[in-house]
Amino acid sequence: MQLTNIAKFILLRTMKFTILLFAVIALSFTLVSFSPVDPVQSYLGAEMMVVSEEQKEEIAEHFGVNEPKYKQFFNWMKMFLQGDLGTSLLYRQDVFSIIQEKFLASFALMAISWAVSGIFGYGLGVIAGMNKGTIIDRAIKFYCFTLASTPTFWIAILLLIVFSLWLGLYPIGLGTPIGMLAEEVTLLDRLKHILLPALTLSIIGVSNIALHTRQKVVEILDAEFIRFARAKGEEGILLFARHGFRNTLFPAISVHFTSFGELFGGVILAEQVFSYPGLGQAIVQAGLNSDVPLLLGIVVFSAFFVFVGNLLADLLYYIIYLRMKNGEMI
Amino acid sequence: MKSTFQMDSQNTIHRKRLLLKIIGLLFFFFIFVLSGFLIGEEQIEANLSEKNLSPSLVHLFGTDWLGRDMFMRTLKGLNLSFQVGLLASSISAVLALTLSLLASKSRLLDYIVTILIDLFLSIPHLVALILIAFVLGGGIKGIVVGIALTHWPTLTRVLRAEIMQIKSAEYVQLSKKLGKSRMWIVKHHFIPHLIPQLFVGFVLLFPHAILHESAITFLGFGLSPEQPAIGIILSESMKYLSTGMWWLVLFPGISLIAMVAIFDALGNNLRKFINRE
């Protein structure tokens, strides 16, 4: 019974998202079609001078650039539905496989920083909430509010200066050591290169979740059943572990899932500073070098990524709601 | 139990304190941002006899590889960020007001506005900014349009909820029964009620706008290299990192954080003041 409810919920959400995704695609496509960039010219690059007019005409014909805009859109849509996102002008490779490859690198980065910032943010939020009004609480709040006004790339540069330049502990950038064959790269090497960008994103990501958790903890500690437990003589960490932990953990995880959009934005900046070869660097390169197929592909993918985060967040809330309705414990 | 008189006087003290805070923040803001207007080109000119100096009393933030004074450049950059933020946030606020009023008109329009909000929230801000900056060919136009188009949804949500609330209020219903036109109700009931929210939302948009401006400029989509924006300063200093000129990165960054934090605090205190929390 519950499973069918959850399946229905997911299905409904996915259907709504499909419509939304279609709108995202239509909007991005319209935007891009207004761009002053000439597709034939950006395809040819420096060869522009050598290629004759007839050949240019043929290329335009081959791409379908001369066709009306709506027809171009339907062509692109048709290919998109078949899983073909076109060929990147920059990498001369299938866009889908580029996204796949780059996302793997970015995913490792995002997963680590998402988990680390989640754990630390939740911990800090609980500590602040338990000690509301004290100097510890104020310090944590100050830290979170300051971080909320801090540019991600600035933190990244600072970490680069301190750990790579001054201390010489970590490599300056890139995803793997320079001058090494792909097969020789060990897991340890990769880990070393991922550490600083992940640290950057973790430091930034703590703020939101910590403030949210603090608020929840303060609310819970004011509840009747906590006062009852206090009256029985329970206190401190034990009191929280018994009564507050489950009540605050799930909302916190849920909120953390909705931060996927910001995480994606942060990844773009962190990858740029550390020249980490992921999706973020790819979109910046695509934008700066007018690689329209790759740009569109990553825009669509980012929308999908944010959707997954929001779906997981809502799903968690929905499951909690179902269990509460049935009078079960969370 | 406190008497109402005591509660009232406590409330007044609280509000006075808030007002003092707001005035103090405004003061900081004026020093910070408006001093940039006083700085002319000659003060940030290259001076090769004074290049690569670390911070001192003469050059508070040090000088760069061309001998430009970093303190002056930073102030100029903050001023520029402020102008971009002002323009973009204003457009965003106007968009939010227009759309929220449109949404209150009919069910269908409300539905369309909600979909638009969902649509713009479904792409990460930075990705949308890159897309728009790419389409408009970068530069100040690309940034302003990009930030304006990505920042209205949250404010629109707030305003839409506000309108929904007062729509069912008695005095609005009464005006309706008295045969007042929709325009009259919008002008005399909705807008006066929305202005405080709109103003606070506008101030709170600022920090986001400035942070996104610096980020997109840092990535190379925004302002051109000859403009002393903070994003440009930081991305340029990255090239000189290995020479150990840490002051090129540290001070402009801290100044940017300070400005953003001042705006954030200003917005939050204004909200508390207006909502009588």
Side-chain angles (χ1 to χ4, degrees), chain A residues 16-17 19-21 23-24 27-28 30-37 145-155 157-158 160-162 164-166 172 260-269 272-273 280 283-284 286-288 290 292 295-296 298-307 310, chain B residues 115-116 118-138 142 145 149 207-208 210-221 230-231 234-235 237-238 241-250 252-254 256-265 268:
Chain A
K16 200 184 148 201
F17 172 70
I19 299 169
L20 211 58
L21 191 68
V24 167
L27 188 73
S28 330
T30 325
L31 275 176
V32 168
S33 71
F34 282 122
S35 133
V37 177
F145 277 123
T146 312
L147 278 184
S149 348
T150 308
T152 313
F153 59 94
W154 186 70
I155 297 268
I157 302 174
L158 280 193
L160 198 63
I161 292 181
V162 173
S164 297
L165 281 175
W166 290 357
I172 297 275
F260 272 25
E262 274 163 52
L263 187 64
F264 200 91
V267 161
I268 296 177
L269 293 165
Q272 191 64 16
V273 174
I283 189 176
V284 172
L288 289 178
S290 322
V292 174
L295 188 63
L296 275 182
I298 299 178
V299 169
V300 172
F301 182 80
S302 73
F304 178 70
F305 183 71
V306 172
F307 162 72
N310 287 340
Chain B
I115 283 191
L116 274 178
D118 283 346
L119 181 64
F120 276 85
L121 286 180
S122 67
I123 313 175
H125 275 172
L126 208 51
V127 173
L129 278 170
I130 289 177
L131 184 69
I132 293 170
F134 164 72
V135 170
L136 294 176
V145 173
L149 281 182
H208 286 269
I210 293 168
L211 280 179
H212 277 126
E213 181 267 318
S214 68
I216 194 93
T217 305
F218 177 77
L219 289 177
F221 290 95
I230 299 284
L234 289 176
S235 73
S237 6
M238 264 204 67
L241 270 189
S242 46
T243 56
M245 287 152 76
W246 50 270
W247 58 89
L248 295 182
V249 173
L250 190 67
I254 291 179
L256 180 68
I257 295 172
M259 177 159 90
V260 172
I262 286 175
F263 265 110
D264 217 26
N268 281 322

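Predicted model, so just to flag it, every value in this text is computed and none were measured.
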Query raised in the report: Of the listed residues (Ile130(B), Leu219(B), Leu129(B), Ile210(B)), which shares the most heavy-atom pairs with chain A below a 4.5 Å separation?
Result: Leu219(B)
Report task. Find out whether Ile123(B) and Phe305(A) are in side-chain contact, i.e. whether some heavy atom of one side chain is under 4.5 Å from a heavy atom of the other. Result -> no
Query raised in the report: For chain B, which of Leu295(A), Leu288(A), Ile161(A), Val299(A) has the most heavy-atom pairs under 4.5 Å?
Result: Leu288(A)
Requested in this report: State, yes or no, whether a side-chain contact exists between Ser122(B) and Val306(A) at a heavy-atom distance under 4.5 Å.
Outcome: no
Requested in this report: For the residue pair Phe134(B) and Val292(A), establish whether any side-chain heavy-atom pair is separated by less than 4.5 Å.
Outcome: yes
Query raised in the report: With a 4.5 Å heavy-atom cut-off, do Leu131(B) and Ile283(A) have their side chains touching?
Result: no
Query raised in the report: Looking at residues at least two apart in the chain, or sitting in another chain, which of them share a side chain to side chain contact (heavy atoms under 4.5 Å, CB included) with Ile262(B)?
Result: Leu25(B), Phe28(B), Phe29(B), Phe32(B)
Query raised in the report: Out of Gly220(B), Ser214(B), Ala133(B), which one racks up the most heavy-atom pairs below 4.5 Å with chain A?
Result: Ser214(B)
**Report entry** Largest heavy-atom contact set with chain B, pairs under 4.5 Å, which of Ala148(A), Ser149(A), Gly261(A)
**Finding:** Ser149(A)
Query raised in the report: Are Leu158(A) and Val249(B) close enough that some pair of their side-chain heavy atoms sits under 4.5 Å apart?
Result: yes
Report task. Taking salt bridge (Lys or Arg N to Asp or Glu O under 4.0 Å) as the test, write out the residues that go with Asp264(B), two or more places apart. Result -> none
Report summary line: Nearest heavy-atom contact between Leu250(B) and Trp154(A) is O-CZ2, 3.4 Å
**Report entry** Among Ile132(B), Ile230(B), Ile254(B), residue most engaged with chain A (heavy-atom pairs, under 4.5 Å)
**Finding:** Ile254(B)
Query raised in the report: With only heavy atoms counted, which part of Phe120(B) is less than 4.5 Å from chain A, the side chain, the backbone, both or neither?
Result: side chain
**Report entry** Heavy-atom pair count under 4.5 Å with chain B, highest-scoring of Gly287(A), Gly265(A), Gly280(A)
**Finding:** Gly287(A)
Query raised in the report: So which of Asp118(B), Ile115(B), Val127(B) has the largest heavy-atom pair count under 4.5 angstrom toward chain A?
Result: Val127(B)
Query raised in the report: What part of Phe264(A) is in contact with chain B, defined as an atom under 4.5 angstrom from a non-hydrogen atom: side chain, backbone, both or neither?
Result: side chain
Requested in this report: Let me know if Leu27(A) has heavy atoms under 4.5 Å from chain B in its side chain, its backbone, both or neither.
Outcome: side chain
Query raised in the report: Are more than 12 heavy atoms from other residues, nucleotides or ligands located less than 6.0 Å from atom NE2 of His212(B)?
Result: yes
